[in-house]
Amino acid sequence: MTHVVSAALAFPLADARTTEAPETGMPNDGETESPAAYNLPRRPQRFERSWPLQPTADRLARIHARTWLTTWRWAGDHDEAQLVVDALMDNAVRHAVATAAENEVGLILQITEDEDLLIDVSDPDPKFEGFDEVLTAARTRAETGVQLTGVALVLGLGGEITWGIPDAGSGKTVRVRMQSAAP
């Protein structure tokens, strides 16, 4: 069965937050940039959005990731980035314990000045039980390349994974840093 998603879902709603549209163009007087840099979007870029803590969140997050990475012309592998977004969102939806006050999963995409992609997925559960053990097992699975899912998939795609509790103190954020193909 084929899943059809409206093109309207690929674009952020009015409450979605992102930086201004990428600025491109010629350098100002006195600047010395190479001609290849004239049409590159300015960095950093940031997109932030949240969805209800439901199974559809990962699909919507993938659509937004593809849209923004293409719009920003990120030099990294968009397919791999989408796989990472999907794995993190799926883990958040399946494993997070929703609290009465918070039942959303959030996604932040950031492209740094160095062209690295930061993918942050936040959920309302402040615990990540056995993170070190999960990471060790995932590294072993990533080295074998057999049935890579979740954290093992992220590591297998070259992502660096960390997690923490935001300053707000509610929930947790899992962060993956992916390097681009740009020099």
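All values below were derived from every heavy atom in this structure, side-chain atoms included, with hydrogens, water molecules and symmetry-related copies excluded.
- Residues Leu117 and Trp74 approach most closely at CB-CZ2, 3.5 Å, considering heavy atoms.
- The distance from atom NE2 of His78 to atom OG1 of Thr67, rounded to the nearest 0.5 Å, is 11.0 Å.
- Taking each heavy atom of Ala57 and Val93 in turn, the nearest pair found is CB-CG2, 4.2 Å.
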- Message: Could you go through Leu69 and Ile111, starting from their C-alpha distance and side-chain angles, then the distance that decides it, and tell me whether this counts as side-chain contact (heavy atoms from CB on, under 4.5 Å)?
- Response: CA-CA 9 Å; Leu69 294 176; Ile111 299 178; 4.2 Å; yes

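- Relative ring orientation between Phe47 and His64 is described as parallel, the plane-to-plane angle staying below 30° on a 0-90° scale split at 30° and 60°.
- In terms of heavy atoms, Asp125 sits closest to Asp123 at N-OD1, 2.9 Å.
- Put simply, CG on Asp120 and CD on Glu48 are 9.0 Å apart, with the number rounded to the nearest 0.5 Å.
- Shown are Asp58, Ile119, Leu60; of these, the side chain to side chain contact (heavy atoms under 4.5 Å, CB included) with Leu107 is made only by Ile119.
- Phe131 and Val154 fall within the same hydrophobic cluster, where Ile, Leu, Val, Met, Phe, Trp and Tyr residues are linked whenever their side-chain heavy atoms come under 4.5 Å apart, directly or through other members.
- Contact between Gly159 and Val176 at its shortest, heavy atoms only, is CA-CG1, 3.9 Å.
- Partner of Leu118 under the side chain to side chain contact (heavy atoms under 4.5 Å, CB included) criterion, out of Arg46, Arg175, Glu160, Met178: Arg175 alone.
- Proximity of a side-chain donor or acceptor of Trp51 to a complementary backbone N or O of Val105 within less than 3.5 Å is not detected.
- Here the CD atom belonging to Gln45 is positioned 11.0 Å from the CG atom belonging to Leu109, to the nearest 0.5 angstrom.
- Between Trp72 and Trp68, the angle of the ring planes lies from 30° to 60°, which puts this pair in the tilted group.
- In terms of hydrophobic clustering, with Ile, Leu, Val, Met, Phe, Trp and Tyr side chains grouped at heavy-atom distances under 4.5 Å, Ile108 and Ile165 are assigned to different clusters.
- Atom CZ in Arg73 sits 10.5 Å away from atom CD in Glu115 (nearest 0.5 Å).
- One side chain, Glu104 or Ser50, offers a donor N or O that lies under 3.5 Å from an acceptor on the other.
- Contact record, Ser180 with Ala75: CB-C, 4.0 Å, taken as the closest heavy-atom pair.
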Under 3.5 Å, side-chain donor or acceptor atoms of residues 81-92 against the rest of the protein: list the pairs with distances, not counting sequence neighbours.
residue : atom : partner : partner atom : Å
Gln82   : OE1  : Arg66   : NE           : 2.8
Gln82   : OE1  : Arg66   : NH2          : 2.5
Gln82   : NE2  : Arg62   : O            : 3.2
Asp86   : OD1  : Arg62   : NH1          : 2.7
Asp90   : OD2  : Arg94   : NE           : 2.9
Asp90   : OD2  : Arg94   : NH2          : 3.2

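- Listed by chain and number, the residues in a side chain to side chain contact (heavy atoms under 4.5 Å, CB included) with Asp116 are Thr112, Arg177, Gln179 (sequence neighbours excluded).
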